[in-house]
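Have a look at the structure below, then the notes.
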Amino acid sequence: MSESTRLSPQSSVLSPQSSLLGPRLRIAPSPTGDPHVGTAYVALFDLAFARRHAGQFVLRIEDTDRARFVEESERLIFDSLRWLGLEWDEGPDVGGPFGPYRQSERISLYQEHAEHLLGSGHAYRCWCSPQRLARVRKEMEARKEPPKYDRLCLGRSEAERRALGEASDRPVVRMRVPDEGLTAFDDLIRGRIEFENRLIDDQVLLKSDGFPTYHLAVVVDDHAMRITHVTRGEEWISSTPKHVLLYQWFGWDLPAYAHFPLLRNENRSKVSKRKNPWATLRWFRDNGYLPEALLNFLALLGWSMPDGREVFGFSDVVEHFSFERVSLTGPIFDLNKLDWLNGHYIRQLSLADLQQRLGPFLERAGLPVANADPPLTKILPLVQERLKRLAEAPDLVRFFYQPRGEYESALLLSKGLDVATTKDLLGAAIERLRAAKRFDAEQLEAALRALAAEREVKTGQLFMALRVACTYSTISPPLFETMAVLGRERVLQRLEDAESRL
RNA sequence: GCCCCCAUCGUCUAGAGGACCAGGACGCCGCCCUUUCAAGGCGGAGAUCAGGGGUUCGAAUCCCCUUGGGGGCACCA
C-alpha cells in the first residue's frame with residue numbers, strides 16, 4: 001500500500017453507501033463554553049442544504065486546544081443546538097461511520113499526516129521559542145513586511161538549530177509554503193479568491209504538545225469525514241489558502257468552500273461572547289425567545305426567501321436555500337426585529353403550548369404553575385398578545401397572585417378627580433360588584449359603565465382607578481376580563497384595600 | 001503595517017443593464033379601534049443606490065480608483 005493511499009481512508013475504509021451520495025456538511029464548534037449564535041447561524045444553513053440535497057449533517061467537536069477547554073461545553077453545545085431544532089446525523093453522541101467525532105480522540109491521525117508531510121518535504125520541524133517568534137514578527141512588522149516566520153529552522157538539524165540559541169525543547173511542525181505562485185479557491189458565496197504564496201506564513205500544523213492546530217485538523221478531518229462543503233464564518237477566508245495547499249500536498253480533492261458573512265453587533269464588529277451578552281444561544285433561551293423565532297430570524301440575516309416572505313420555518317429554508325442567495329455583507333444583529341418576530345410566534349402558540357413553554361419562567365419567578373388559582377388557562381389568553389419574550393410573563397401575571405400590591409396611592413386618582421370623589425366611586429363600585437348577579441366581563445362592564453354615567457365621570461376615570469386597585473398598575477390586560485378572572489372575592493378585597501389607602 | 005472581504009432607507013433586505021425619480025420588513029411618526037397597555041387596520045417620513053471616473057443608446061446593477069466598514073496576520077479556534 002502506497003503512502004498516499006494509506007493516508008486516504010476514502011479508498012478503503014468504507015464500502016460505497018447510497019446515503020453518501022448527497023453532500024456532507026459539518027459544524028465544528030470548539031468546546032469553550034456556551035455555543036456562539038454564529039455557530040447556530042452557519043449550522044442552520046448547513047443542515048438546510050444537507051436536507052435539501054439528501055445529504056448528511058455532521059457535528060464534530062474541535063477540542064485541540066487544551067488551554068481553552070471548558071468541561072461542560074460539549075453538553076451545552078448539544079443542548080443548545082437541539083433546542084434550536086438542529087439535529088445532526090453523525091456526531092460524538094450519536095456516532096456514525098467516520099468517528100470518532102472528537103478531535104482529541106484522533107490525535108494519531110493528525111500525527112501520521114504531519115509525518116507524511118515531513119517526509120514529502122512539505123513540512124519541517126521548528127524549535128524556535130515563542131519569545132523569538134514574537135520578536136521576529138515584531139521586527140518584520142516594523143519593516144512593513146507581512147509578518148511571517150523567518151524560517152530559521154528550515155533545513156537545519158536539531159543540533160544545528162540548537163547551536164543558534166533561543167530554542168525550546170520540543171519542536172513544532174510547520175508547513176513549508178511555496179515562495180512563489182498563487183493559491184486560490186472558489187467560494188460559493190464570494191467567487192474566486194486569490195492569495196500570493198509569498199505572503200502566506202509557514203503555519204504551525206502540529207504543536208509542541210503533539211496536538212494539531214486547527215489548520216491541520218480541519219483538513220484531515222474534513223477529508224476523512226468526506227465533507228463536501230466546508231462552511232464557516234468569513235473570518236476563515238485568509239487561512240483557507242493554507243488549507244488548499246494541504247489538500248494539494250495530500251493529493252486530495254478540494255471541497256467546496258462557503259464563507260458566511262460575520263454576524264455583527266451595533267458597532268459593526270463581530271459579535272463576541274465577551275462584548276455581547278446575547279452572543280450565546282443560552283441567552284436567547286433564558287430570555288424567552290422561541291427557537292422557531294430565532295431560527296427564522298437567523299435565516300433572515302444574510303439570506304432571503306425568493307418570494308420575499310419574512311416569516312417562515314425551517315422547512316421553507318430547506319426548500320429554498322441556495323448559497324447564491326446569501327449576501328456578502330455582515331448583518332447587524334437587530335434584537336428589535338427579533339423581538340417583533342418572537343412576539344409574532346408567541347401569538348401564534350396554542351394556549352396549551354404557551355402554558356407549557358412558560359412553565360420554567362413562571363417557576364423561576366416563584367409563581368404557581370400547577371393548580372394555580374386563578375388558573376393559567378384563564379390568565380394566559382389575557383397576556384399572550386402582550387408578550388414579546390416569554391421571560392416577560394412573570395411581570396405581567398404576578399398581580400393575579402398577589403393579594404396586596406405595592407403602588408402609590410396617588411395612582412388611584414385619575415386626572416380631574418380628587419380624593420373624596422375617588423373614594424366615593426370606589427365605594428359605589430364595591431356595592432355594585434357585590435350586587436352583580438354574574439361576575440363575568442360583560443356584566444361587570446355594563447354595571448360599571450352605568451356607574452360612571454350616574455356619577456357623571458368619564459368611563460376612563462373610573463376604570464383607571466379600578467385598574468390600579470385590582471392590578472396595582474396603570475398598565476394591565478383588559479379590565480373587566482381581568483376582574484372576571486380574579487373573581488368577586490379578590491376584586492372586592494382589592495377595591496376595599498384601595499379605598500382604605502385614600 | 002501587510003493581506004483579504006464588503007458597501008441599497010436607522011436596521012434586515014429585494015434588486016443579477018432598460019419593468020426602479022428603487023420594493024418589502026423591523027423600528028419611528030400620525031390616524032382609526034379602544035377603559036390602560038398591547039394586538040390589529042390605514043397612512044406617512046426615511047436611500048441623490050458611499051464618492052469619483054469609465055463602459056453602454058441606457059447602470060443600483062459591469063470595470064477602475066478613492067473613501068468607509070469589517071476580518072485575518074498565535075504552538076486559539
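Model, not experiment: these values are computed from the prediction. The chains referred to below are lettered A, B, ... by the order of the sequence lines, with proteins before strands, and numbering in each begins at 1.
Taking atom C1' in both B/U8 and B/U48, the straight-line distance is 12 Å, to the nearest Å. Nucleotides B/G53 and B/A39 are separated by 47 Å at their P atoms, to the nearest Å. Nucleotides B/G68 and B/G30, compared at atom P, are 38 Å apart to the nearest Å. Of the P atoms belonging to B/G41 and B/G46, the separation is 24 Å, rounded to the nearest Å. Comparing the C1' positions of B/C32 and B/G23 gives an interatomic distance of 26 Å, to the nearest angstrom. Going from the P atom of B/G52 to that of B/C9 covers 16 Å, rounded to whole Å. B/U66 and B/C29: their P atoms are spaced 43 Å apart (whole Å). The separation of B/C20 from B/C6, taken at their P atoms, amounts to 28 Å, rounded to a whole angstrom.
Base contact: A/Thr474 has a heavy atom under 4.0 Å from a base atom. Here A/Pro261 lies out of heavy-atom contact (under 4.0 Å) with every strand. Across all strands shown, A/Phe297 has no heavy atoms under 4.0 Å from either base or sugar-phosphate atoms. Within 4.0 Å (heavy atoms only), A/Ser473 reaches no atom of the nucleic acid at all. Residue contacts shown for A/Glu194 are limited to sugar-phosphate atoms, with no base heavy atom under 4.0 Å away.
The main-chain N or O of A/Leu109 is never found under 3.5 Å from a side-chain atom of A/Glu112 such that the two would form a donor-acceptor pair. Judged by distance alone, with hydrogens and angles left aside, the side-chain atoms of A/Tyr41 form a donor-acceptor pair with the main-chain N or O of A/Leu301 at under 3.5 Å.
Nearest-nucleotide positions on RNA chain B for A/Gly460 and A/Ser327 put A/Ser327 closer to the 5' end.
Note on A/Arg449: every side-chain N or O is 4.0 Å or more away from OP1 and OP2 of B/U34. At B/G70, none of the side-chain N or O atoms of A/Ser269 fall inside 4.0 Å of OP1 or OP2 (strictly under the cut-off). Phosphate proximity of B/U11 to A/Arg268: present, with a side-chain N or O under 4.0 Å from OP1 or OP2. Note on A/Arg190: every side-chain N or O is 4.0 Å or more away from OP1 and OP2 of B/C6. OP1 or OP2 of B/A14 has at least one side-chain nitrogen or oxygen of A/Ser304 nearer than 4.0 Å.
Remark: B/C20 base-pairs with no nucleotide; criterion is Watson-Crick or G-U wobble with both hydrogen-bond distances under 3.5 Å. Nucleotide B/C28: paired with B/G44 (Watson-Crick or G-U wobble, both distances less than 3.5 Å). In a base pair of the Watson-Crick type (N1 to N3 plus N6-O4 or O6-N4) or a G-U wobble (N1-O2 and O6-N3), with each distance short of 3.5 Å, B/C73 is matched with B/G1. Across all strands shown, B/U36 has no partner, as no Watson-Crick or G-U wobble contact with both distances under 3.5 Å is found. The base-pairing partner of B/U55, taking Watson-Crick or G-U wobble contacts with both distances under 3.5 Å, does not exist among the strands shown.
For A/Arg264, the side-chain atoms get nearest to B/G70 when compared with the rest of B/G40, B/C6, B/G70. For A/Arg347, the listed nucleotide lying nearest its side chain is B/A39; candidates were B/A39, B/C4, B/C6. Taking the side chain of A/Leu199 as heavy atoms from C-beta on, and the options B/C12, B/C6, B/C2, the nearest nucleotide is B/C2.
Below the 3.5 angstrom threshold, one finds a donor paired with an acceptor across the side chain of A/Arg386 and the base of B/C37.
Electrostatic pairing of A/Glu310 and A/Lys337 counts as a salt bridge here, judged by a charged N lying under 4.0 Å from a carboxylate O.
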Begin from the C-alpha positions of A/Arg68 and A/Thr32 and carry the test side-chain hydrogen bond (donor to acceptor under 3.5 Å, both in side chains) through to its verdict.
CA-CA 6 Å; A/Arg68 293 206 307 161; A/Thr32 56; 5.1 Å; no
Apply ring pair (Phe, Tyr, Trp, His ring centres under 6.0 Å) to residues A/Trp303 and A/Phe323 and explain how you reach the verdict.
CA-CA 9 Å; A/Trp303 188 74; A/Phe323 288 106; over 10 Å; no
Show your working on side-chain hydrogen bond (donor to acceptor under 3.5 Å, both in side chains) between A/Arg156 and A/Tyr124 and close with a plain yes or no.
CA-CA 9 Å; A/Arg156 289 196 161 85; A/Tyr124 60 96; over 6 Å; no
What verdict does the side-chain hydrogen bond (donor to acceptor under 3.5 Å, both in side chains) test give for A/Thr240 and A/His259, after you've listed the backbone C-alpha separation in whole Å, the side-chain angles of each residue and the deciding distance to 0.1 Å?
CA-CA 10 Å; A/Thr240 305; A/His259 289 91; 3.2 Å; yes
Base contacts versus sugar-phosphate-only contacts with protein, heavy atoms under 4.0 Å: please encode nucleotides 72-77 of chain B as B, S and - from 5' to 3'.
SBSBBB
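Looking at A/Leu152 and A/Trp127, their side chains never come closer than 4.5 Å, going by heavy atoms from C-beta outward. Within the 4.5 Å cutoff, the side chain of A/Leu76 has heavy atoms near those of the A/Pro35 side chain. In this structure the side chain of A/Leu59 never reaches within 4.5 angstrom of the side chain of A/Tyr101, judged on heavy atoms.
Taking the ring centre of A/Tyr149 as origin, the terminal cationic atom of A/Arg174 falls inside the region bounded by 6.0 Å and 45° from the ring axis. Both the sub-6.0 Å distance and the 45° axial angle are not jointly satisfied by A/Arg264 relative to the ring of A/Phe333.
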Any protein N or O atoms within reach of nucleotides 42-50 of chain B? Criterion: under 3.5 Å, listing atom names and distances.
none

Extract from the structure each pairing of a protein N or O with an N or O of nucleotides 25-31 of chain B at less than 3.5 Å, listing the distance.
from  : atom 1 : to       : atom 2 : distance (Å)
B/A25 : O4'    : A/Glu310 : OE2    : 3.4
B/A25 : O2'    : A/Glu310 : OE1    : 3.2
B/A25 : N3     : A/Lys337 : NZ     : 3.2
B/C26 : O2'    : A/Lys337 : N      : 3.4
B/G27 : O4'    : A/Asn336 : ND2    : 3.3

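The interatomic distance linking A/Arg325 (CZ) with B/C12 (C1') rounds to 14 Å, in whole Å.
Between A/Phe78 and A/Trp88, the ring planes lie tilted relative to each other; the angle falls in the 30° to 60° range.
Screening A/Phe185, A/Tyr257, A/Tyr214 against A/Trp236 for a ring pair (Phe, Tyr, Trp, His ring centres under 6.0 Å) leaves a single residue, A/Tyr214.
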